[in-house]
Amino acid sequence: MMGEGQAQWSPPVALRPVRSETGRAFFIRATAANGWSKYDDFLNRVGLKPSDLKIQGNVDNLARAFGASPEEFENISDRWAVETVSFDGHRFLQTKVDLRRRRICHGCLAAGRPSTFEWELNLITECPEHGALSDTCSCGAPLTWSDRHMWVCNRCPAPIWEDPPMPPANAMDLPFQRYMLGRFGKRDEAPCPLLDEIPVETIAGFVEALGLLFEHGALPTMPGTTSLQEKATLRELGYSKLVGGAGSCDFTDIVSGYRVATGIICPKEPIAALGFIKDAPALFSRGRKELLAFLCDRLGLALGYPVHDLWRSEYIDIDQCAAEVRMPVRDVIKEIRANGWSGLCYPWADRLFVPVDVHWQLQQIAK
């Protein structure tokens with residue numbers, strides 16, 4: 001029996017997660033739908049907080065609190081592990097998710113659509129229909145994951161909840177983000193054969209590194225970037241180099257800069273001529289065959305000799321060859337001509353590149 005002045009407990013409104021909605025977004029939607037005065041009421045009334053959903057059993061408990069079966073809550077898109085989180089089966093490092101500030105699309109919310117997982121990924125900054133995602137309330141305060149309403153911060157009064165914000169009319173043409181949304185199944189796919197077979201969690205890092213490469217050259221370590229917008233701009237640049245045809249991805253200036261900076265004409269690992277990009281995870285992931293072939297072709301044109309393996313050179317610079325076999329360059333050239341190996345070598349500008357097997361033969365002659 002309830003005591004005088006004691007509020008009667010009532011079950012929460014029977015909501016259900018929708019496809020691609022994350023547990024954190026569902027918490028805010030449920031808080032607003034139940035008219036709870038603050039976000040903490042969810043914890044007090046249901047006994048769970050968003051971080052509890054990182055444990056699968058608690059998703060089942062949340063379902064029961066809303067009078068649903070666990071199967072009805074399988075739509076919650078995020079699944080958390082020690083260092084990673086998966087959204088609808090796409091796995092990302094937790095560092096790629098904004099765990100503090102919340103971003104929304106005003107246009108989507110005004111149209112009655114729920115929050116969706118890609119808004120939580122740092123690599124997505126725009127809605128393809130409505131423009132830039134926002135991380136601030138109309139009052140100017142930041143949106144956070146402790147808010148009690150999806151488009152209003154906790155500083156604003158309740159009546160403002162009834163007026164969805166007007167969407168900005170500034171949708172931008174961002175081909176890379178459009179491509180990624182296609183990979184997530186959120187819009188028609190725009191095929192990119194160089195990336196289509198690579199897992200989505202490695203793509204953004206690679207195209208960002210490629211953008212940095214064309215911005216800064218072949219530095220030994222990747223330069224830092226400061227803002228989400230800067231990262232987004234670099235990704236669009238890198239992606240444009242991949243989809244713009246062979247002529248748009250020209251490494252000539254980058255390789256020339258590498259040779260001037262290091263004094264190395266023919267690196268033992270051809271990919272070293274592209275500096276920090278040699279460590280990009282996409283180059284080591286499954287499904288990278290098309291990408292590796294493309295890079296070999298473009299890098300070979302810049303180096304001046306064929307590249308069939310990014311991590312093993314098949315050619316050596318004539319000066320280096322002469323130094324290693326301890327013969328003058330003119331004598332090396334004489335031996336190459338005498339043995340009929342000239343057709344196997346590649347001239348480039350004032351350089352001559354010798355196949356490694358010819359180099360080995362020259363070593364035997366010099367002994």
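Side-chain contact check for Ser256 versus Val260: every heavy-atom pair is 4.5 Å or farther apart. Two residues are said to be in side-chain contact when any heavy atoms from C-beta on lie closer than 4.5 Å; Cys345 and Pro355 meet this criterion. With contacts defined as side-chain heavy-atom distances shorter than 4.5 Å, the pair Arg155/Cys137 does not qualify. In this structure, the side chains of Pro347 and Phe353 stay at 4.5 Å or more apart for every pair of heavy atoms. Using a 4.5 Å heavy-atom cutoff, the side chains of Ile104 and Met150 are in contact. Arg29 has its side chain within reach of Glu21: a pair of non-hydrogen atoms, C-beta onward, lies under 4.5 Å apart.
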Please tabulate, for side-chain N and O atoms in residues 274-296, each donor-acceptor pair with protein atoms closer than 3.5 Å (sequence neighbours left out).
| from | atom 1 | to | atom 2 | distance (Å) |
| --- | --- | --- | --- | --- |
| Ser285 | OG | Ala282 | O | 3.1 |
| Arg288 | NE | Leu283 | O | 2.6 |
| Arg288 | NH1 | Ser285 | O | 3.3 |

Mind listing the side-chain donor-acceptor pairs of residues 322-340 below 3.5 Å, one per line with the distance, residues two or more places apart or on another chain?
| from | atom 1 | to | atom 2 | distance (Å) |
| --- | --- | --- | --- | --- |
| Glu324 | OE1 | His359 | NE2 | 3.0 |
| Glu324 | OE2 | Gln320 | NE2 | 3.1 |
| Glu335 | OE1 | Asn339 | ND2 | 3.4 |
| Asn339 | ND2 | Glu335 | O | 2.8 |

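Partner of Ser20 under the side-chain contact (heavy atoms from CB on, under 4.5 Å) criterion, out of Phe117, Phe184, Phe87: Phe117 alone. Of the listed residues (Leu194, Leu242, Ile198), just one forms a side-chain contact (heavy atoms from CB on, under 4.5 Å) with Phe206, and that residue is Leu242.
We find the CG-NE2 distance between Leu121 and His90 to be 10.0 Å, quoted to the nearest 0.5 Å. Taken from NZ in Lys231 to CD in Glu236, the straight-line distance is 14.5 Å, to the nearest 0.5 Å. Rounded to the nearest 0.5 angstrom, Lys241 NZ and Ser248 OG are separated by 6.0 Å. The CG atom of Leu299 sits 10.0 Å away from the OG1 atom of Thr252 when rounded to the nearest 0.5 Å. The OG atom of Ser240 lies 8.5 Å from the CG atom of Leu210; values are rounded to the nearest 0.5 Å. Between the CZ atom of Arg235 and the CG atom of Leu212 there is a distance of 10.0 Å, given to the nearest 0.5 Å.
Ile254 and Ala273 make their closest contact through CG2-O, 4.1 Å (heavy atoms, listed as atom of the first residue, atom of the second, distance). Across all non-hydrogen atoms, the minimal contact from Phe92 to Lys96 is CB-CB, 4.4 Å. Listed here is the closest heavy atom pair of Ala272 and Tyr258: O-CE1, 3.4 Å. The minimum heavy-atom distance between Cys266 and Ile316, with the atom names listed, is SG-CA, 3.6 Å. Between Ser115 and Leu109, the shortest heavy-atom contact is N-CD2, 4.4 Å. For the residue pair Ser313 and Pro270, the shortest heavy atom distance occurs at N-CD, 3.6 Å.
The main-chain N or O of Cys108 is never found under 3.5 Å from a side-chain atom of Arg113 such that the two would form a donor-acceptor pair. In this structure, the side chain of Arg148 does not engage the main chain of Ala32 through any donor-acceptor pair within 3.5 Å. Panel note: side chain Arg259, backbone Leu303; a donor-acceptor pair is recorded below 3.5 Å. Looking only at distances, no side-chain donor or acceptor of Asn34 sits under 3.5 Å from a matching main-chain atom of Thr31.
No more than 12 heavy atoms of other residues, nucleotides or ligands sit less than 6.0 Å from atom CZ of Arg91. Atom CD of Gln364 is surrounded by more than 12 heavy atoms from other residues, nucleotides or ligands within 6.0 Å. For Asp253, the CG atom counts as loosely surrounded, since its 6.0 Å shell holds 12 or fewer non-hydrogen atoms of other residues, nucleotides or ligands.
A continuous path of hydrophobic side-chain contacts links Ile365 to Val358 [ILVMFWY only; heavy atoms under 4.5 Å]. By the rule that hydrophobic residues join a cluster once side-chain heavy atoms approach within less than 4.5 Å of another member, Ile28 and Val18 end up as members of separate clusters. One hydrophobic cluster, built from ILVMFWY side chains closer than 4.5 Å, cannot hold both Val354 and Ile264; they sit in different ones. Ile318 is not connected to Ile265 by any chain of hydrophobic side-chain contacts under 4.5 Å among Ile, Leu, Val, Met, Phe, Trp and Tyr, and they are in different clusters. In the hydrophobic clustering of ILVMFWY residues, with side-chain heavy atoms under 4.5 Å counting as a link, Leu301 and Val307 come out apart.
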Practice task
Evaluate the side-chain contact (heavy atoms from CB on, under 4.5 Å) criterion for residues Arg351 and Asp319: first the C-alpha distance (whole Å), next the side-chain angles of each, then the deciding distance (0.1 Å), finally the verdict.
Solution key: CA-CA 9 Å; Arg351 296 280 175 179; Asp319 290 340; 2.7 Å; yes
Determine, step by step, whether Trp341 and Gln361 satisfy the side-chain contact (heavy atoms from CB on, under 4.5 Å) criterion, reporting the C-alpha distance in whole Å, the side-chain angles of both residues, the deciding distance to 0.1 Å, and the verdict.
-> CA-CA 10 Å; Trp341 296 329; Gln361 297 276 14; 3.4 Å; yes
task: Apply the test salt bridge (charged side-chain N to carboxylate O under 4.0 Å, His left out) to residues Asp135 and Arg103: give CA-CA distance (whole Å), side-chain angles for both, the deciding distance (0.1 Å), then the verdict.
output: CA-CA 4 Å; Asp135 62 359; Arg103 294 183 301 154; over 6 Å; no
*Can Thr144 and Arg101 be said to form a side-chain contact (heavy atoms from CB on, under 4.5 Å), step by step?*
CA-CA 5 Å; Thr144 71; Arg101 294 189 68 159; 5.6 Å; no
(message) Pair Leu362, Cys321 - check side-chain contact (heavy atoms from CB on, under 4.5 Å), show working.
(response) CA-CA 9 Å; Leu362 290 167; Cys321 174; 3.7 Å; yes
- Query: Should Asp250 and Arg298 be marked as a salt bridge (charged side-chain N to carboxylate O under 4.0 Å, His left out) after you check the CA-CA gap, both sets of side-chain angles, and the distance that decides it?
  - Reply: CA-CA 7 Å; Asp250 186 348; Arg298 305 314 303 166; 5.3 Å; no
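The distance between the ring centers of Phe26 and Phe66 falls below 6.0 angstrom. Aromatic pair Phe251/Phe214: centroids less than 6.0 angstrom apart.
Checking Glu314 against His308 by side-chain atom types alone, a donor-acceptor pair falls below 3.5 Å. A side-chain N or O of Tyr179 and one of Asp196 form a donor-acceptor pair less than 3.5 Å apart. The closest side-chain donor-acceptor pair between Gln229 and Ser227, if any, does not fall under 3.5 angstrom. In the model, Gln177 has a side-chain atom that pairs as donor or acceptor with a side-chain atom of Thr125 under 3.5 Å. Side chain to side chain, Gln94 and Thr84 fail the donor-acceptor criterion of an N or O pair below 3.5 Å.
For Pro70, the side chain to side chain contact (heavy atoms under 4.5 Å, CB included) test picks out Asp60, Arg64, with sequence neighbours left out.
Note: Tyr315 and Tyr346 have perpendicular aromatic rings, judged against thresholds of 30 and 60 degrees for the angle between ring planes.
Ion pair Arg24/Glu120 flagged as a salt bridge, since at least one NZ, NE, NH1 or NH2 atom sits closer than 4.0 Å to an Asp/Glu carboxylate oxygen.
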